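Heavy atoms only: backbone and side chains are in, while hydrogens, waters and symmetry mates are out. These numbers come from a predicted model, not from an experiment.
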Amino acid sequence: MDRSGMRSRRCTAAVLLAMLITGVGVWWFSRPDSMPRILNPETPISTDPERTRWEQTGLSLHDIRLGLPRSEVEGLLGAPEPLNVDAVSPEKRTYCTRYLVYLHRPLALVPNIEGFCEAQLTFDATQAGHPLVHITCTPRKLPSPRVSTANAIDQKV
């Protein structure tokens with residue numbers, strides 16, 4: 001075999017190897033779990049258990065959809081504190097529960113609110129399962145670490 005034949009085989013092998021390495025690299029970096037996670041520098045990453053709970057509740061709030069029964073809502077968000085459940089409104093036959101949450105991104109149902117807020121969930125007391133009929137989020141200032149969730153909502157911080 002002459003030198004030009006060996007040289008063309010080496011070039012072909014090198015090109016195929018380069019294509020294989022490129023393909024593996026593209027596949028490796030296109031996997032969802034390999035994408036870098038970029039955190040907003042203003043995002044509070046807290047070690048305070050109360051604030052961590054607000055962030056977890058905010059993340060769970062994204063799974064809430066209108067029409068979900070109250071039991072499923074509480075399965076996702078946890079039961080509200082008794083002080084944060086309103087009595088049934090006689091004229092509308094609805095009642096509200098309130099949660100303090102930290103939203104890292106807006107909700108689909110409340111698109112203009114981010115950050116620390118009070119989420120008010122309205123349930124229909126006339127239907128079986130008391131389905132969720134409305135969500136409202138009101139921005140709040142972050143309370144001091146010594147303020148409990150119930151006091152923070154009562155004080156409207």
Side-chain angles (χ1 to χ4, degrees), residues 18-157:
M19 289 173 47
L20 177 66
I21 291 171
T22 302
V24 169
V26 167
W27 169 79
W28 181 263
F29 289 109
S30 66
R31 295 178 310 137
D33 60 336
S34 69
M35 301 302 267
R37 299 185 194 277
I38 300 171
L39 292 176
N40 181 349
E42 297 175 16
T43 300
I45 298 176
S46 176
T47 57
D48 178 21
E50 188 78 7
R51 291 188 186 195
T52 302
R53 186 167 54 112
W54 297 334
E55 291 174 349
Q56 288 301 321
T57 305
L59 291 172
S60 298
L61 201 54
H62 287 279
D63 296 329
I64 301 296
R65 301 287 174 257
L66 295 181
L68 279 179
R70 181 175 175 185
S71 60
E72 289 185 36
V73 170
E74 287 185 1
L76 292 166
L77 301 179
E81 294 184 23
L83 293 173
N84 297 332
V85 179
D86 294 341
V88 174
S89 166
E91 61 275 352
K92 293 184 181 179
R93 300 284 188 214
T94 61
Y95 62 95
C96 299
T97 60
R98 295 182 308 278
Y99 294 87
L100 288 177
V101 299
Y102 189 92
L103 298 174
H104 290 278
R105 58 188 167 89
L107 298 171
L109 298 170
V110 189
N112 298 324
I113 304 292
E114 281 186 74
F116 186 69
C117 62
E118 175 187 292
Q120 181 173 327
L121 285 68
T122 306
F123 296 91
D124 185 350
T126 63
Q127 296 184 32
H130 297 195
L132 178 66
V133 293
H134 189 70
I135 297 176
T136 304
C137 290
T138 307
R140 299 277 182 234
K141 291 186 316 184
L142 276 169
S144 69
R146 291 175 275 151
V147 176
S148 72
T149 301
N151 289 338
I153 289 176
D154 290 340
Q155 295 172 5
K156 302 292 185 199
V157 291

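- Note that the CG atom of L121 and the OG1 atom of T94 stand 12.0 Å from one another [nearest 0.5 Å].
- Closest heavy-atom contact between R93 and T126: CB-CG2, 3.2 Å.
- The minimum heavy-atom distance between I113 and L103, with the atom names listed, is O-CD1, 3.8 Å.
- If you take CG on L107 and CD1 on I135, they are separated by 6.5 Å, rounding to the nearest 0.5 Å.
- Tested against V73 for a side chain to side chain contact (heavy atoms under 4.5 Å, CB included), the candidates D63, L68, L61, T97 yield a single pass: L68.
- Listed here is the closest heavy atom pair of F116 and W54: CE1-CE3, 3.4 Å.
- Expressed to the nearest 0.5 Å, how far NE2 of H62 lies from NE2 of H104 amounts to 8.5 Å.
- To the nearest 0.5 Å, atom CZ of residue R53 and atom OH of residue Y99 are 10.5 Å apart.
- No side-chain heavy atom of E114 sits less than 4.5 Å from a side-chain heavy atom of P139.
- Note that CG of D124 and CZ of R70 are 13.0 Å apart. Values are rounded to the nearest 0.5 Å.
- Side-chain contact check for N112 versus P106: every heavy-atom pair is 4.5 Å or farther apart.
- Separating the OG1 atom in T122 from the CZ atom in R98 is a distance of 10.5 Å, to the nearest 0.5 Å.
- Looking only at side-chain heavy atoms (C-beta outward), L132 and F123 come within less than 4.5 Å of each other.
- Only one option out of L100, V101, T138 pairs with C117 in a side chain to side chain contact (heavy atoms under 4.5 Å, CB included); it is V101.
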